[in-house]
**Q** 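Just dropping this structure here.
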Protein chains: 2
Amino acid sequence: MATGRTHRTATRSRGIPEATVARLPLYLRALTALSERSVPTVSSEELAAAAGVNSAKLRKDFSYLGSYGTRGVGYDVEYLVYQISRELGLTQDWPVVIVGIGNLGAALANYGGFASRGFRVAALIDADPEMAGKPVAGIPVQHTDQLEKIIDDNGVSIGVIATPAGAAQQVCERLVAAGVTSILNFAPTVLSVPDGVDVRKVDLSIELQILAFHEQRKAGEEADAQADAVLAAEAAAAEKAGKGPDGDVPAVMPA
Amino acid sequence: MATGRTHRTATRSRGIPEATVARLPLYLRALTALSERSVPTVSSEELAAAAGVNSAKLRKDFSYLGSYGTRGVGYDVEYLVYQISRELGLTQDWPVVIVGIGNLGAALANYGGFASRGFRVAALIDADPEMAGKPVAGIPVQHTDQLEKIIDDNGVSIGVIATPAGAAQQVCERLVAAGVTSILNFAPTVLSVPDGVDVRKVDLSIELQILAFHEQRKAGEEADAQADAVLAAEAAAAEKAGKGPDGDVPAVMPA
DNA sequence: CCATCTTTGTGCACGCGTTCACAAAGACAT
DNA sequence: ATGTCTTTGTGAACGCGTGCACAAAGATGG
Ligand SMILES: NC(=O)c1ccc[n+]([C@@H]2O[C@H](COP(=O)([O-])OP(=O)(O)OC[C@H]3O[C@@H](n4cnc5c(N)ncnc54)[C@H](O)[C@@H]3O)[C@@H](O)[C@H]2O)c1
Ligand SMILES: NC(=O)c1ccc[n+]([C@@H]2O[C@H](COP(=O)([O-])OP(=O)(O)OC[C@H]3O[C@@H](n4cnc5c(N)ncnc54)[C@H](O)[C@@H]3O)[C@@H](O)[C@H]2O)c1
């Protein structure tokens with residue numbers, strides 16, 4: 001082992017910050033767009049603007065991958081696309097199963113951007129016997145009975161859950177037992193999984209609620225004073241009354 | 001508690017951390033489930049488990065809202081549901097428009113959890129003239145021409161973008177110009193908006209890529225050594241060659 | 001009224017992520 | 001070859017978020 005060889009491995013393989021990993025797909029998307037326009041090189045400033053981030057952050061992110069830029073010039077677009085793709089594991093094919101082919105599951109199955117980056121829909125799975133055999137997005141839906149076999153046969157390690165919330169944990173357990181180690185969950189539930197299994201969730205409702213919070217803050221900056229007085233009175237009354245017998249808790253304010 | 005009148009306002013109205021805001025909907029969901037089971041009180045430990053977070057974190061989060069717990073007992077479920085709802089701005093009705101009624105937009109329109117928490121689908125908007133008038137989820141789709149009028153008439157401040165990526169920025173600008181100040185973007189693009197407008201994005205592709213990264217790491221912990229040797233050779237060759245004349249850059253592996 | 005026991009609310013320390021600011025690297029012109 | 005000019009890569013400072021650990025609060029029982 002030569003002297004300078006170890007440094008690279010140590011730099012790369014050891015802990016890329018999670019925040020950086022989450023931004024790599026963003027950079028990759030911007031770079032792909034540049035690549036399609038046959039742009040040969042790009043500066044950190046330009047790329048950062050395209051990805052919607054700070055240029056210093058972008059440079060630091062790239063520094064975790066290695067020194068792929070050229071000072072005074074910038075980054076070679078094609079080369080960087082390859083490096084990031086490789087780092088993210090997109091140079092290999094990832095078979096994915098979608099479980100729960102309802103409104104959302106069907107939309108996901110039809111989603112083109114799915115296959116565009118190394119992800120291949122290996123199977124669509126639903127518990128409804130009526131759906132078995134019916135093609136969605138050109139792929140026949142299979143019954144839940146087949147779940148374990150499908151995962152095993154296709155070497156699936158990534159699963160997408162789009163079932164109702166009530167079924168999600170159970171589906172999750174079957175997926176994990178069958179060998180899935182990464183789950184993307186669309187159902188509004190907290191999934192509990194053993195160590196070594198990654199779960200990411202996409203939750204529309206939570207996103208809207210966060211927006212509503214900021215929206216309320218924006219709207220009620222000046223009107224807050226008066227509203228606050230009313231609410232304080234209410235709250236004080238409620239506090240005094242304790243947990244009253246009937247519906248004294250205001251719950252959701254009617255229109 | 002007669003003395004602490006001022007303290008409360010000061011504590012609450014000033015900056016709730018963003019990370020806390022993002023967790024409030026999670027707590028709210030867990031609390032709502034408890035409420036439906038008529039559970040009167042809950043400890044921070046129990047609630048934290050239900051929400052999938054650390055109990056100390058939960059207590060600190062709640063401390064930003066005020067002192068709503070009772071030591072030795074826990075938190076009053078109904079009261080807390082109300083306080084969090086109010087804090088998030090869910091005690092009022094938020095009319096929402098969805099723009100782009102394709103696969104995803106239609107799924108969103110059909111989503112029940114949408115209306116369940118103060119969010120009301122005020123209108124569905126699409127650029128396709130064919131779709132105009134057709135009902136989706138019981139709501140007739142309206143043409144993009146009407147966008148400004150719809151937003152104005154309904155006092156919409158939250159918009160959801162589910163159009164193809166190419167149209168997203170343009171749609172975004174029209175929404176903002178019409179008065180929308182919060183946007184939930186499903187299109188895989190970086191939206192640029194003026195100050196004062198909040199954008200949150202939901203990006204399936206990014207989530208999958210993050211999962212793939214961790215998946216690759218899990219799989220290649222021991223096989224890394226040999227693969228690394230090969231890749232190092234490749235990289236070294238590529239480095240030496242610089243940006244070669246033809247397609248020496250591997251780019252994304254074709255299907 | 002006092003003791004005990006449970007659970008909150010928070011001070012504190014630590015680690016991660018962000019941003020600034022600049023020295024070093026290298027392209028390019030002369 | 002040398003100087004200039006651009007842009008990277010990163011050291012260092014800072015701020016935010018997390019989690020520990022515990023004192024204070026208050027319920028409950030005697
Ligand atoms: N539709 C949306 O836009 C949207 C948005 C956010 C979240 N979600 C969530 O995504 C999930 C799916 O939403 P949807 O609108 O598609 O619901 P849906 O009712 O249309 O579809 C659910 C599907 O899951 C299937 N299913 C039920 N139990 C199953 C099981 N045990 N195994 C396999 N399949 C099972 C059903 O047969 C059905 O086809 C829900 O949890 C919903 O809350 C949906
Ligand atoms: N389907 C999914 O599961 C999924 C997942 C993640 C992201 N996305 C993204 O969400 C977006 C929509 O996906 P989809 O599968 O529903 O696509 P789609 O093609 O089925 O639907 C797009 C709809 O937008 C409408 N539209 C186009 N331009 C418009 C404009 N300027 N104004 C108003 N409406 C316009 C079209 O008429 C069409 O009805 C895409 O950007 C996609 O990348 C989709």
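The figures that follow rest on heavy atoms only: side chains count, while hydrogens, waters and symmetry mates do not. Residue numbers begin at 1 in each chain, while the letters A, B, ... track the order of the sequences.
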**Q** Please state how far atom CD1 in B:Ile16 lies from atom P in D:dC16, giving the value in whole angstrom units.
**A**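 Result: 15 Å.
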**Q** Please determine if a side-chain N or O atom of B:Asn54 lies less than 4.0 Å away from the OP1 or OP2 oxygen of D:dC20.
**A**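 Indeed, a polar side-chain atom of B:Asn54 lies that close.
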**Q** Tell me the interatomic distance from B:Leu65, atom CG, to C:dT8, atom P, rounded to whole angstroms.
**A**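 Taking CG of B:Leu65 and P of C:dT8, I get 15 Å after rounding.
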**Q** How about A:Tyr75 and A:Phe62: are their ring centroids closer than 6.0 Å?
**A**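 Ring centroids of A:Tyr75 and A:Phe62 are less than 6.0 Å from each other.
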**Q** Choose from D:dT8, C:dT8, C:dA21 the nucleotide whose nearest atom is closest to any side-chain atom of B:Ser43.
**A**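 Of the candidates, C:dT8 comes closest.
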**Q** Go through B:Leu47 and B:Val53 one step at a time and tell me if the side-chain contact (heavy atoms from CB on, under 4.5 Å) criterion holds.
**A** CA-CA 9 Å; B:Leu47 185 55; B:Val53 302; over 6 Å; no
**Q** OP1 or OP2 of D:dT8 less than 4.0 angstrom from a side-chain nitrogen or oxygen of A:Ser44, does that happen here?
**A**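 True: A:Ser44 side-chain N/O within range (under 4.0 Å) of D:dT8 OP1/OP2.
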**Q** Base, sugar-phosphate or nothing for A:Phe62? Non-hydrogen atoms, less than 4.0 Å.
**A**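 Since no nucleic acid heavy atom lies under 4.0 Å of A:Phe62, the category is nothing.
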**Q** Of the nucleotides C:dA21, D:dT18, C:dT18, which one has an atom closest to the side chain of A:Ala56?
**A**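 So the nucleotide nearest the side chain must be C:dA21.
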**Q** Could you tell me whether the side chain of A:Thr20 and the main chain of A:Ile16 form a donor-acceptor pair under 3.5 Å?
**A**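 Checking the backbone N and O of A:Ile16 against the side chain of A:Thr20, no donor-acceptor pair under 3.5 Å is found.
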**Q** Nearest-Å distance, CD (B:Glu46) to C1' (C:dT7)?
**A**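 Interatomic distance, CD of B:Glu46 to C1' of C:dT7: 11 Å.
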**Q** Work out which heavy atom in A:Asp76 is nearest to a heavy atom in A:Thr41; give both atom names and the distance.
**A**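 Reported closest heavy-atom pair: CA-CG2, 4.2 Å.
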**Q** In whole Å, I'd like the distance from the CD atom of A:Glu18 to the P atom of D:dT18.
**A**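 It works out to 14 Å between those atoms.
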**Q** Can you tell me if A:Tyr75 touches the phosphate of D:dG9, counting only side-chain N or O atoms and a distance under 4.0 Å to OP1 or OP2?
**A**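 Yes.
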**Q** Round to the nearest Å and state the distance from B:Leu58 atom CG to C:dT10 atom C1'.
**A**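 Computing the B:Leu58:CG to C:dT10:C1' distance gives 14 Å.
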**Q** For DNA chain C, whose closest nucleotide is more 5', that of B:Lys60 or that of B:Glu45?
**A**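 Of the two residues, B:Glu45 wins.
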**Q** If I compare all heavy atoms of B:Val190 with all of A:Ala51, which pair ends up nearest, and what's the gap?
**A**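 Between these two residues, the closest heavy atoms are CG2-O, 3.6 Å.
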**Q** Take B:Lys57 and A:Val42, find for each the nucleotide of DNA chain D with the closest heavy atom, and name the residue whose nucleotide sits nearer the 5' end.
**A**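 Checking each residue's closest nucleotide, the 5'-ward one belongs to A:Val42.
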**Q** Does the protein touch nucleotides 22-30 of chain D at the base, only the backbone, or not at all? Give it as B, S and - per nucleotide, heavy atoms under 4.0 Å.
**A** --BB-S---
**Q** Report the C-alpha distance between A:Arg23 and A:Glu18 in whole Å, list the side-chain angles of each, state the deciding distance to 0.1 Å, and finish with yes or no for side-chain contact (heavy atoms from CB on, under 4.5 Å).
**A** CA-CA 9 Å; A:Arg23 280 188 294 268; A:Glu18 192 56 34; over 6 Å; no
**Q** How close or far is atom P of C:dA27 from atom CG of A:Asp76, stated in whole angstroms?
**A**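 These atoms are roughly 13 Å apart.
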**Q** Looking at A:Arg217 and B:Asp198, is any side-chain nitrogen of the basic one under 4.0 Å from a carboxylate oxygen of the acidic one?
**A**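 Salt bridge between B:Asp198 and A:Arg217, a charged N being under 4.0 Å from a carboxylate O: no.
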**Q** Taking atom P of D:dG17 as reference, at what distance in whole Å does atom CG of B:Asp61 sit?
**A**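 That distance rounds to 10 Å.
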**Q** Please determine, for the side chain of B:Ser63, which listed nucleotide (C:dG9, C:dT19, D:dT18) has the closest atom?
**A**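 The closest nucleotide is C:dG9.
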